[in-house]
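No hydrogens, no waters, no symmetry mates; every other heavy atom, side chains included, goes into these values. Below, chains carry the letters A, B, ... as their sequence lines are ordered, and counting in each starts from 1.
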2 protein chains.
Amino acid sequence: MPRLETTLAEIRAHGGRVTPARRAVLAAILDAGEHHFTAADVLAAVDQAEPQPDRATVYRTLELLTEIGLLKPLPLNGEAIVYHRTDHRHGHVVCRVCGAITEVPEQALIDFASTLQQETHFTIDADCVAVSGTCEPCAAAMTHA
Amino acid sequence: MPRLETTLAEIRAHGGRVTPARRAVLAAILDAGEHHFTAADVLAAVDQAEPQPDRATVYRTLELLTEIGLLKPLPLNGEAIVYHRTDHRHGHVVCRVCGAITEVPEQALIDFASTLQQETHFTIDADCVAVSGTCEPCAAAMTHA
DNA sequence: CTTTTTGCAAAGCTTTTGCACCACA
DNA sequence: TGTGGTGCAAAAGCTTTGCAAAAAG
């Protein structure tokens with residue numbers, strides 16, 4: 001999802017229309033610079049847009065972007081769905097204590113996916129892998145406790 | 001979580017009390033033989049218990065068992081929380097199409113965890129890893145479609 | 001007896017849906 | 001002009017919470 005106009009073109013290419021609401025949602029996602037976010041993040045961001053898109057529209061737009069393949073929901077167990085921009089390919093390690101998300105080195109992911117493919121016959125979506133763990137600061141905090 | 005009585009003893013050891021509701025929930029979990037289940041599964045199972053524990057009690061008991069360390073919620077993005085019995089150590093691969101859960105070979109998991117530890121300084125909870133993929137039957141179905 | 005646990009009912013949260021109106025292409 | 005999108009409001013689904021009554025140790 002490199003630039004706003006490019007993405008809007010992709011929406012058109014998929015038979016979708018370009019509307020102010022969709023511009024606002026895309027702008028919010030692109031401006032944030034973050035590669036991970038929740039619907040709530042987007043809702044907060046478009047809160048300042050004019051005209052302000054409705055909650056339902058934001059959800060529907062996220063769904064659209066997911067269908068088109070520009071976003072993917074991460075398999076996490078939080079209270080909300082975390083989306084991930086697919087223009088940044090990598091796995092994720094999420095700290096179960098503080099929620100920090102760190103990227104998994106590409107090679108480690110490829111090796112793991114390949115092993116799993118051989119041993120379980122599952123095709124891993126390397127771009128959508130998330131594992132839970134404890135980040136260094138939180139691990140240290142737990143030791144001192 | 002090997003046997004009912006052993007587990008009840010653990011609850012006592014943690015300062016908890018043994019009640020009919022907790023017996024019922026534990027029995028449901030142990031009898032199912034399944035290592036993965038949702039609150040809904042447990043609710044359905046205890047539905048036949050007498051006296052029948054309340055929904056809230058079931059949720060509170062699952063929370064208790066999680067605190068004690070006998071259960072862990074898996075990081076998945078389903079509509080409901082999937083719990084995993086910690087007496088079976090393994091990772092999970094979940095098919096994003098049909099939801100099937102397959103176990104990850106221990107060694108592959110250890111290798112991956114060790115790589116991540118070195119490269120990201122995250123400590124992976126190997127017992128609580130879940131990755132998304134597509135199982136062989138579903139992958140085949142998609143190809144034919 | 002004291003403290004924990006339960007049941008009941010209601011609320012909380014994120015996300016989804018139905019429907020009439022509006023607007024992009 | 002016609003299909004697709006939007007806003008509004010209400011519902012759905014899972015989970016949590018407050019509180020008084022009941023029970024475990």
| Salt-bridge criterion met for B:Arg23 and B:Glu5 (N-O under 4.0 Å) | yes
| query | Just by protein heavy atoms under 4.0 Å, how would nucleotides 19-25 of chain C read 5' to 3' in B, S and -? | reply | ----BBS
| message | What is the distance, to the nearest angstrom, from the OH atom on A:Tyr83 to the C1' atom on C:dT14? | response | 11 Å
| note | Hits for salt bridge (Lys or Arg N to Asp or Glu O under 4.0 Å) against B:Arg22, two or more places apart or cross-chain, chain-then-number order -> none
| said: From CG of A:Leu8 over to C1' of D:dG4, roughly how many Å is that when rounded to an integer? | reply: 16 Å
| said: So, using ring-ring contact (aromatic ring centres under 6.0 Å, His included) as the criterion, who are the partners of A:Phe112 when residues are at least two apart? | reply: B:Phe112
| remark: The ring-ring contact (aromatic ring centres under 6.0 Å, His included) partners of B:His36 (sequence neighbours excluded) come to B:His84, B:His90, B:His92
| field | Between D:dA24 (C1') and B:Ile11 (CD1): distance, integer Å | value | 13 Å
| request: Take the protein atom CZ of B:Arg22 and the nucleotide atom C1' of D:dA23, then report the distance between them rounded to whole Å. | output: 12 Å
| said: Students often get this wrong, so: under 4.0 angstrom with heavy atoms, is B:Ala40 touching a base, only sugar-phosphate, or nothing? | reply: nothing
| D:dG13 P sits how many Å from B:Leu43 CG, rounded? | 15 Å
| task | Please examine the side chains of B:Leu65 and B:Leu26, heavy atoms only from C-beta on, and report whether any two atoms are closer than 4.5 Å. | result | yes
| Nucleotide C:dT5, atom C1' - distance to CD of B:Glu63 in whole Å | 13 Å
| To the nearest angstrom, how far is B:Leu62 atom CG from C:dT5 atom P? | 15 Å
| Taking only N and O in the side chain of B:Tyr59, is any of them less than 4.0 Å away from OP1 or OP2 of D:dT15? | yes
| field | Members of residues 45-57 of chain B that approach DNA chain D, where some heavy atom sits under 4.0 Å away | value | B:Arg55, B:Ala56
| Backbone N/O of B:Thr38 and side chain of B:Asp41: donor-acceptor pair under 3.5 Å | yes
| task | Can you see which heavy atom on A:Arg85 is nearest to which on A:Phe37, and at what distance? | result | CG-CE2, 4.0 Å
| note | To the nearest angstrom, the CG-P distance between B:Leu64 and D:dT16 comes to 14 Å
| query | What do the steps show when you test A:Gln117 against A:Thr123 for side chain to side chain contact (heavy atoms under 4.5 Å, CB included), and what is the final call? | reply | CA-CA 6 Å; A:Gln117 171 77 44; A:Thr123 304; 3.4 Å; yes
| note | Here the pair of heavy atoms bringing A:Ala21 nearest to A:Thr57 is CB-CG2, 3.7 Å
| Considering all heavy atoms of both residues, which atom of A:Val46 and which atom of A:Gln52 are nearest to each other, and what is their separation? | O-CG, 3.6 Å
| note | Angle separating the five-pair end axes of the helix from C:dC1-D:dG25 to C:dA25-D:dT1, nearest 10°, is 40°
| request: Answer yes or no: is there a side-chain heavy-atom contact under 4.5 Å between B:Val58 and B:Asp54? | output: no
